[in-house]
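Written out below as structure tokens is the structure these notes cover.
Chain A is the first sequence line, chain B the second, and so forth, proteins listed ahead of strands; every chain is numbered from 1. Since the model is a prediction, treat every value here as computed from it, not as a measurement.
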Amino acid sequence: MSVISYRQALHDALRGEMLRDENVFLIGEEIGLFEGSYKITAGMLAEFGPKRVRDTPIAEEGFTGAAIGAAMLGLRPVVEIMTINFSLLALDQIVNHAAKIYGMFGGQARVPMVIRTPGGGGQQLGATHSQNIELYYAFVPGMKVVAPSSPADAKSLMLAAIRDDDPVLVLENLALYNTTGEVPDHDEPAEIGKAAITRDGADITVVAYSRMAAVALQAAGRLAGEGIDVEVVDLRSLRPLDRETIIASVRKTNCAVVLEDDWLTYGIGAEIAATISDGAFDWLDAPVRRVAMAEVPLPYAKPLETAALPSVDDAITAIRATLDAVARRG
Amino acid sequence: MSVISYRQALHDALRGEMLRDENVFLIGEEIGLFEGSYKITAGMLAEFGPKRVRDTPIAEEGFTGAAIGAAMLGLRPVVEIMTINFSLLALDQIVNHAAKIYGMFGGQARVPMVIRTPGGGGQQLGATHSQNIELYYAFVPGMKVVAPSSPADAKSLMLAAIRDDDPVLVLENLALYNTTGEVPDHDEPAEIGKAAITRDGADITVVAYSRMAAVALQAAGRLAGEGIDVEVVDLRSLRPLDRETIIASVRKTNCAVVLEDDWLTYGIGAEIAATISDGAFDWLDAPVRRVAMAEVPLPYAKPLETAALPSVDDAITAIRATLDAVARRG
Amino acid sequence: MPPTTRTARSSPPAGRQAAGRQAAGAATNDQLLAFYRQMVLVRRFEERAARAYTEAKVGGYCHLNLGEEATVAGLMAAVRAEDYVFTNYREHGYAIARGIGPRRVMAELYGRVDGVSRGWGGSMHMFDIASRFMGGYGIVGGQVPLATGAALAIDYRGGAEAVVCLMGDGTTNIGAFHESLNIAALWGLPIVYVVINNGLGMGTSVERSSAEPELHKRAASYRMASARVDGNDPAAVYEAAQVALASAREGRPYLLETVSGRLKGHSVVDPARYRSREEAEALKAADPVAAYAVRLHEQGLLTDELIARIDTEATTEVAAAAEFADASPHPDVSTLFDYTYATPVPNDSRRLPGDALFPPPPRPNVAELVQMPA
Amino acid sequence: MPPTTRTARSSPPAGRQAAGRQAAGAATNDQLLAFYRQMVLVRRFEERAARAYTEAKVGGYCHLNLGEEATVAGLMAAVRAEDYVFTNYREHGYAIARGIGPRRVMAELYGRVDGVSRGWGGSMHMFDIASRFMGGYGIVGGQVPLATGAALAIDYRGGAEAVVCLMGDGTTNIGAFHESLNIAALWGLPIVYVVINNGLGMGTSVERSSAEPELHKRAASYRMASARVDGNDPAAVYEAAQVALASAREGRPYLLETVSGRLKGHSVVDPARYRSREEAEALKAADPVAAYAVRLHEQGLLTDELIARIDTEATTEVAAAAEFADASPHPDVSTLFDYTYATPVPNDSRRLPGDALFPPPPRPNVAELVQMPA
Ligand SMILES: Cc1ncc(C[n+]2csc(CCOP(=O)(O)OP(=O)(O)O)c2C)c(N)n1
Ligand SMILES: Cc1ncc(C[n+]2csc(CCOP(=O)(O)OP(=O)(O)O)c2C)c(N)n1
Ligand SMILES: [Mg+2]
Ligand SMILES: [Mg+2]
């Protein structure tokens with residue numbers, strides 16, 4: 001165990017896999033000479049050379065598609081898409097090709113590839129550079145989507161993604177890169193498709209992923225002071241979705257709040273709330289409440305951006321309100 | 001009133017608006033000389049000429065983006081994207097540009113455009129040509145999304161979409177083009193953002209849109225014979241979403257089933273089920289059940305495709321099961 | 001500054017240089033005859049496929065190679081067994097010429113388990129790993145980045161294979177074409193892009209869709225070598241393809257444009273009303289199969305008897321293919337969830353449309369809960 | 001067959017022909033001086049913007065025109081008031097040269113209500129309908145189809161205006177570039193695509209990203225006229241732009257490549273370590289503002305006094321702009337939902353993150369229900 005940053009954990013996982021398997025290579029914009037827009041691949045070009053750390057032209061569709069084709073021949077490309085916003089330009093290659101090839105050809109070709117890309121707002125990047133559109137991938141059969149919220153998960157989920165034979169999108173987050181935490185020194189891939197209880201609690205279940213899973217722990221910590229015992233479910237895998245773990249928790253606490261960084265209507269949280277309301281129907285003592293981003297193109301101006309993004313305070317408000325609703329129905 | 005097809009209703013609305021406003025023009029692949037892949041624009045090139053019925057190269061991103069730019073200068077383009085599957089290639093222009101321009105520039109530029117595109121499977125078109133991905137648009141603030149299920153709505157919603165000053169996606173459906181129904185002869189635009197009760201009923205609420213809203217009426221008709229009185233809510237507008245109408249219905253019937261043609265997990269129905277479970281929490285006598293497409297890349301082989309797509313029988317199964325669940329809970 | 005991928009280009013792997021050295025050769029008489037057999041087989045196969053469609057044995061979209069037979073024969077003869085082929089959805093002929101039996105291609109059209117894609121792909125999505133036929137793709141331009149990536153994999157491993165990526169004339173106007181050719185040229189990848197110019201994308205002529213209608217010239221934007229060849233002459237296509245492949249094997253990607261006609265509509269259901277009677281007549285007059293027969297006849301390579309025999313053989317073979325296809329079983333519904341993921345993971349959904357997310361009884365205890373389908 | 005859009009091209013609208021006829025002229029001495037003033041103003045503005053960023057007055061990404069001043073001055077001088085300008089995110093200088101006061105541009109950087117985009121856009125998204133400055137865009141290539149569509153609208157109405165679409169060298173490798181230029185050439189739209197070749201896309205050189213590094217040559221794929229010009233010479237840019245615009249107004253779109261340097265990093269936070277000291281030195285030596293001053297001095301158009309005065313004026317103006325920006329109010333949170341839709345519709349969401357979808361009390365009756373925020 002050592003305490004490292006989320007960024008370092010991603011870097012270590014990539015480097016370890018590059019050393020372990022020569023079929024693994026990195027491809028994307030500015031990952032080599034520039035050392036990565038967010039420096040996840042710093043030092044990689046110097047260590048592995050331009051064949052395995054391939055800078056590309058600005059052509060998301062072209063180089064993502066090229067990675068898919070290379071994967072069809074047995075390589076294991078790890079694509080960096082600078083931010084998830086730009087992945088829309090490669091969506092046809094990902095959704096209509098990477099996610100379809102195994103099934104559409106009757107199981108004859110595999111696409112063992114990883115797409116790494118950060119989501120997240122909060123840095124005044126404006127409407128087109130601050131989106132959370134992991135939904136576009138989590139919705140698609142044939143895709144796998146993981147969303148680490150801690151350095152430990154960043155490493156173990158990245159390892160699992162690279163060793164998986166299907167296209168896996170690893171959702172990173174701009175606001176998490178500098179966060180730190182304990183990470184095992186040895187390589188231990190996580191199991192894709194499993195959520196985790198990151199905090200045991202008796203009073204209420206908070207379900208979240210990526211940055212909001214960290215926010216959930218902060219909220220739980222603050223509420224513990226007031227004797228409110230929050231259980232936190234970190235989804236970790238958006239597709240497949242681990243409904244069992246969510247339901248088991250809510251059947252224990254009898255109420256739930258969902259935290260998400262994307263827009264509320266049709267967002268990831270809608271499925272979580274629908275799943276809970278169905279699977280824990282006879283256990284639920286209050287409606288499942290969702291905390292999400294305001295449904296607007298995110299403005300640049302700081303006060304507007306701050307108001308639009310979900311915060312720890314918003315989470316606490318929703319948790320309290322839900323417990324009140326339980327009490328009212330008591 | 002006259003009885004015409006869904007295809008004819010769309011055609012009439014387009015032609016009427018072309019005659020009414022010379023800023024309206026049609027642009028897309030094969031809409032002119034070929035008269036449209038699904039013949040919605042048949043005869044238009046001959047009547048209006050190549051300036052107003054513009055055949056494009058195969059370049060979804062380019063011509064959709066061009067339509068957005070033309071709209072910024074005050075024209076009112078109606079873009080045909082041959083099927084919604086191909087819209088992924090234009091998604092950056094639609095989501096990162098059309099939907100952002102009004103907000104990102106502080107309200108200085110409007111994008112009065114319509115994107116017409118059919119969804120739907122069931123014709124053995126295979127994994128990449130049979131998708132229902134309206135979610136990708138319904139999720140986005142700045143977009144409006146309507147989904148007519150009848151010829152009357154096809155006409156009134158198309159009229160409303162063309163006269164609206166925001167980007168509106170009109171979701172058509174391959175399986176509905178040949179369906180017929182009564183349509184008013186005069187032009188009466190619908191109100192975007194409003195759902196409709198297309199059948200009054202006391203026992204259970206079925207919420208659906210597009211093709212499944214028609215399936216809902218068929219199921220209701222069959223169940224009426226057994227004395228089961230189904231109320232059908234046709235969403236008509238996916239964004240904005242008319243939660244009031246849905247909730248009012250379920251607070252009356254105390255149970256609900258959601259029908260959708262897309263994939264279940266994270267699909268449109270997830271938001272509907274979450275909305276009902278929240279807004280009708282104290283009225284609901286059984287969990288909200290969803291009927292959706294099997295979560296696979298849709299195979300070509302007929303028996304597999306048939307098994308994967310939701311049918312009237314599936315709807316009836318879910319309605320009965322939900323009423324049983326209500327009974328079991330007494 | 002560390003070496004860039006660009007410099008890597010100047011020195012193609014040993015294997016590839018060797019491969020490149022063998023010069024392009026003209027077709028032998030045997031090959032000229034083989035082209036004809038191939039062309040007739042494709043012609044008869046497509047005619048049979050069209051009939052099967054009208055008999056409702058085939059569904060979905062169905063695009064035929066009628067008029068493209070000479071290009072099919074010439075191209076596939078130049079491609080080596082170890083090379084990889086990517087195509088669009090108009091690929092029946094290429095699949096057959098690549099060595100996939102007509103039976104398995106027809107069975108795929110019928111959507112049966114013996115189909116080349118097990119019935120999961122249909123007309124537009126033929127795939128056979130054994131013959132390195134890497135798929136027909138239905139999204140215009142979709143195969144172009146994929147094929148480029150296959151060439152990248154070959155380059156990565158220093159292999160001697162090459163990739164052939166087929167596309168239509170209309171496809172040269174989509175972004176993926178531009179991004180892919182730039183990447184291939186920049187990195188010196190072993191790939192030949194072949195533009196099958198049949199004059200039309202559905203109902204839109206090349207002149208109405210491409211500002212530079214001499215499509216091979218678009219290679220200049222990438223400093224890429226290119227050529228245009230008569231797609232109605234199998235020998236010419238064969239020779240041009242060999243030149244292109246030799247260049248690709250040496251790390252110089254190539255753009256080859258073949259010019260031929262589309263005898264029928266865009267797909268079997270398109271009456272092609274947008275085409276004038278004259279155009280249709282002219283195309284029929286220039287039918288590459290008939291014209292090539294006349295030519296070989298003049299050269300004394302074909303006799304009337306041989307023409308008849310070849311025709312009978314082809315007709316028999318496609319009839320047998322149709323029988324085989326019709327006898328092959330439909331995929332079982334129990335296999336619906338077999339090909340969503342290559343690596344199994346927990347909580348993958350295997351629900352049919354009517355299935356409940358959480359099946360009753362309404363109050364399972366947590367022990368039962370563990371068994372519930374996620 | 002009905003007339004095709006292609007034929008429409010041959011006859012540009014009357015207005016446009018007239019407009020096209022006036023020939024391109026060389027810059028007068030007054031203009032040469034005006035270029036210098038413009039260049040200095042942009043230089044000082046960008047330096048001040050960089051300082052404001054370090055003072056945390058400006059957030060997000062911030063890309064400067066340092067090294068691009070001559071191109072800014074020359075291009076914007078050639079564009080008419082009625083023309084439309086689309087740019088990428090590196091647009092402060094163009095916005096100022098287009099006539100938007102430095103105050104409103106600076107206020108936008110500060111995210112204030114007096115900003116040119118009301119504080120909603122920031123550095124990358126300046127927009128001003130009054131000066132037909134149609135937006136900076138942050139998605140590489142995103143503005144190219146939009147600008148093409150603006151030209152389509154002009155053509156549709158038979159207007160005499162033209163569109164100028166700016167982009168960087170790296171942008172020529174993305175699909176939108178290819179699709180848009182093909183469409184513009186095919187339909188004969190009044191647009192000039194300007195590639196600002198500063199040698200780099202972030203840290204990637206043109207040679208490492210474009211297989212044809214002479215970017216203007218890519219126009220050939222669309223039979224489009226093109227030229228390359230020294231982007232460090234405002235007069236040369238001005239003349240080349242006039243030629244390009246005249247062509248565009250006659251329905252012949254044009255690709256103009258300007259070659260200049262990027263004096264600092266990609267954005268204010270980029271130290272540009274990937275660039276060698278020599279490269280950096282060379283760039284500084286070739287500083288277009290200093291070089292142009294020397295040239296005008298030699299021509300006797302500039303004196304030391306005048307140089308000093310122009311500098312003081314510029315410094316004073318940008319200082320005033322910063323003051324103005326800092327004094328301008330932040331947008332009020334109550335305006336957060338004002339710009340989601342231009343046409344109001346029922347059930348639009350106006351919820352803040354903490355808000356409930358259905359606020360308590362738990363049992364509203366249907367009458368109350370109607371008032372609830374949807
Ligand atoms: C991205 C995309 N846009 C549109 C279509 C519909 N479509 C199918 S084939 C075709 C024409 C393609 O023409 P071309 O590339 O010349 O190939 P050909 O059919 O002539 O062989 C079109 C527009 C599609 N499948 N994919
Ligand atoms: C589609 C997309 N991909 C990647 C990026 C990240 N990005 C921002 S600017 C830039 C470089 C652009 O280079 P160039 O076109 O030469 O313009 P310059 O910055 O040199 O003015 C990149 C890769 C983006 N904004 N959009
Ligand atoms: Mg064609
Ligand atoms: Mg540049």
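Using modelled atom types, one finds a donor on one side chain and an acceptor on the other under 3.5 Å when comparing C:Ser349 with C:Arg351. For B:Asn85 and B:Thr128, the side-chain atoms include no donor-acceptor pair closer than 3.5 Å. C:Glu68 and C:Tyr94 form a side-chain donor-acceptor contact under 3.5 Å, judged by distance and modelled atom types alone.
By number of non-hydrogen pairs under 4.5 angstrom with chain C, the leading residue of B:Thr317, B:Thr56, B:Thr265, B:Leu309 is B:Leu309. With respect to chain C, the highest number of heavy-atom pairs below 4.5 Å among B:Leu125, B:Leu89, B:Leu88 belongs to B:Leu125. Taking chain B as the reference chain and counting heavy-atom pairs below 4.5 Å, the highest number among C:Ile139, C:Thr171, C:Leu352, C:Asp355 is found for C:Ile139. Ranked by heavy-atom pairs shorter than 4.5 Å toward chain B, the options C:Gly60, C:Gly111, C:Ser209, C:Gly141 are led by C:Gly60. The candidate with the highest count of non-hydrogen atom pairs below 4.5 Å against chain B, out of C:Gly203, C:Gly201, C:Gly142, is C:Gly203. Among the candidates B:Leu304, B:Asp314, B:Leu298, the residue making the largest number of heavy-atom pairs closer than 4.5 Å to chain C is B:Leu304. By number of non-hydrogen pairs under 4.5 angstrom with chain B, the leading residue of C:Thr340, C:Leu336, C:Asn173 is C:Leu336. The candidate from C:Gly122, C:Ala176, C:Ser123, C:Gly170 with the greatest count of non-hydrogen atom pairs under 4.5 Å with chain B is C:Gly122. Counting heavy-atom pairs closer than 4.5 Å to chain B, the top residue among C:Trp120, C:Phe177, C:Tyr341 is C:Trp120.
C:Phe337 does not carry C:Arg350 over the face of its six-membered ring by the limits of under 6.0 Å from the centre and within 45° of the normal.
With a threshold of 4.5 angstrom between heavy atoms, B:Gln123 approaches chain C through N, CA, C or O but not through any side-chain atom. Of the atoms belonging to C:Val113, not a single heavy atom falls under 4.5 Å from chain B. In this structure, chain B has a heavy atom under 4.5 Å from the side chain of C:Asp270, while its backbone stays farther away. For C:Leu200, no part lies near chain B; criterion is any non-hydrogen pair under 4.5 Å. Both the backbone and the side chain of B:Ala307 come within contact range of chain C, judged by heavy atoms closer than 4.5 Å. In this structure, the portions of B:Ala308 lying under 4.5 Å from any heavy atom of chain C include both its backbone and its side chain.
Salt bridge C:Lys57/C:Asp326: present, at least one basic N to carboxylate O contact under 4.0 Å. Between B:Asp313 and B:Arg222 a salt bridge is recorded (basic side-chain N to carboxylate O distance below 4.0 Å). Using a cut-off of 4.0 Å between Lys/Arg side-chain N and Asp/Glu carboxylate O, C:Arg218 and C:Glu212 are scored as not salt-bridged.
Enclosure of atom NZ in C:Lys264 is not indicated, since only 12 or fewer non-hydrogen atoms of other residues, nucleotides or ligands lie within 6.0 angstrom.
Checked against the 6.0 Å centroid threshold, C:His178 and C:Tyr222 count as a close aromatic pair.
Using bins of under 30°, 30° to 60° and over 60° for the plane-to-plane angle, the ring pair C:His92/C:Phe45 lands in the perpendicular bin.
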